Amino acid sequence: MRFDPPRPSRGRADDPRGRGQEARARASDARASDARGRGGDLRPAQLRLSARRARIRDRRGRGLRSPLLPQSVPAFATRADNFDTVALEAFAEIDSRWHDELDGLDIAVDDIPRMLPRDPESIQWPDEVTADGAVPLARLIPAGVDVHGQPTRAQIILFRRPLEIRGKRGADLLELVHEVLVQQVATHLGLDEDTIDRGPE
């Protein structure tokens, strides 16, 4: 369905707005002939009119002057911000038990995995990847050395979009992210998942 904006009045005899427009047009013509008779110039008036119209357009065309929502309300946060909060909460319990052992580990979030199998039917992911079938949910990058010869820290990368699709929101997503982090930390420390959940003895 197409929406056509209303057309301006063409000055019909039965339209009072039309009669007003005709009267204003006649008055303008009279002023113009007056000015021409006196040798005057209409350009300054035209410039003032165009400047006034420009100001009106600018006033309506500057866009949003302030955010719709203040930053203090929960609705201001994006989905990525909300996921970061879930990831921190899910990791807090693990970190409280294994803080010293995880001192050299970083947690990062990426929107989607950059590593997809060519043949989803025969794929076998290494221990460093936690996946749901052919879709990776997280990946552990061990500590090493970069191309400049500088040492790098170990890093767990959570893939936000696949996790959100499987965990939806709320408690389900928190539980799923916690479970994935337990698997990744277990691989990083070389322990089983039950030990990670119980904590060091």
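Computed from a predicted structure; not experimentally measured. Just so it is clear, the values below take in all heavy atoms, side chains as well, and ignore hydrogens, waters and symmetry mates.
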Q: Can you see which heavy atom on Gly133 is nearest to which on Ile123, and at what distance?
A: O-CG2, 4.4 Å

Q: Of all the heavy-atom pairs spanning Leu176 and Gly167, show the shortest one and how long it is.
A: CD2-N, 3.8 Å

Q: Indicate if Ile141 and Leu102 have the same hydrophobic cluster label, given that clusters are the connected sets of ILVMFWY residues with side-chain heavy-atom separations under 4.5 angstrom.
A: no

Q: Look at the side-chain heavy atoms of Ile, Leu, Val, Met, Phe, Trp and Tyr, link any pair under 4.5 Å apart, and say whether Val135 and Ile165 land in one connected group.
A: no

Q) Given the rule that I, L, V, M, F, W and Y join up when any side-chain heavy atoms are under 4.5 Å apart, are Leu191 and Leu105 in one cluster? A) yes

Q | Spacing of NE2 belonging to His188 relative to CD1 belonging to Ile196, to within rounding of 0.5 Å | A | 9.5 Å

Q. Under a 4.0 Å N-O cut-off, is there an ion pair linking Asp111 with Arg161?
A. no

Q.
Could you measure the distance from the CG atom of Asp84 to the CD atom of Glu89? Nearest 0.5 Å is fine.
A. 13.0 Å

Q. Going by heavy atoms in the side chains, are Leu88 and Thr85 under 4.5 Å from each other?
A. no

Q: Locate the shortest heavy-atom distance separating Ala138 from Leu158; write the atom from each residue and the value.
A: CB-CD2, 3.9 Å

(Q) Taking Leu181 as the starting point, is it possible to reach Val86 by hopping between hydrophobic residues whose side chains are less than 4.5 Å apart? (A) yes

Q. Ignoring hydrogens and geometry, is there a side-chain-to-backbone donor-acceptor pair from Arg139 to Met115 under 3.5 Å?
A. no

**Q.** Result of checking Val180, Leu174, Val182 against His178 for side chain to side chain contact (heavy atoms under 4.5 Å, CB included)
**A.** Val182

(Q) I'd like to know whether CD of Glu175 has more than 12 heavy-atom contacts from other residues, nucleotides or ligands below 6.0 angstrom. (A) no

Q.
I need the Gln184 CD to Leu140 CG distance, nearest 0.5 Å.
A. 5.5 Å

Q: Can you measure from CZ (Arg160) to CG (Asn82) and round to the nearest 0.5 angstrom?
A: 9.5 Å

Q.
Tell me the closest heavy-atom pair linking Pro113 and Pro162, and the distance in Å.
A. CD-CG, 3.8 Å

(Q) What I want to check is whether the side chains of Asp81 and Thr78 have a donor and an acceptor closer together than 3.5 Å. (A) yes

Q) Charged N to carboxylate O under 4.0 angstrom, Asp194 versus Arg198? A) no

(Q) Quick one, Phe159 with Ile112, criterion side chain to side chain contact (heavy atoms under 4.5 Å, CB included). Give me CA distance, side-chain angles, the key distance, then yes/no. (A) CA-CA 5 Å; Phe159 300 124; Ile112 57 173; over 6 Å; no

Q. Looking only at side chains, do Thr187 and Glu128 share a donor and an acceptor under 3.5 Å apart?
A. no

**Q.** Atom pair CZ (Arg114) and CD1 (Ile157), whose distance is rounded to the nearest 0.5 Å
**A.** 9.5 Å

Q: Taking Asp95 for its side chain and His99 for its backbone only, find out whether a donor-acceptor pair lies under 3.5 Å.
A: no

Q) Looking at CD1 of Ile107 and CD1 of Ile156, how far apart are the two atoms once the value is rounded to the nearest 0.5 Å? A) 4.0 Å

**Q.** Smallest separation among heavy atoms of Trp98 and Leu189, with atom names
**A.** CE3-CD1, 3.9 Å

Q. Any donor and acceptor pair, going by atom type alone, linking the side chain of Thr152 with main-chain N or O of Gly144 inside 3.5 Å?
A. yes

**Q.** Sidechain N-carboxylate O distance under 4.0 Å for Arg166, Asp132
**A.** yes

Q: Report whether Val177 and Phe91 are members of the same hydrophobic cluster (ILVMFWY, side-chain heavy atoms less than 4.5 Å apart, transitive linking).
A: yes

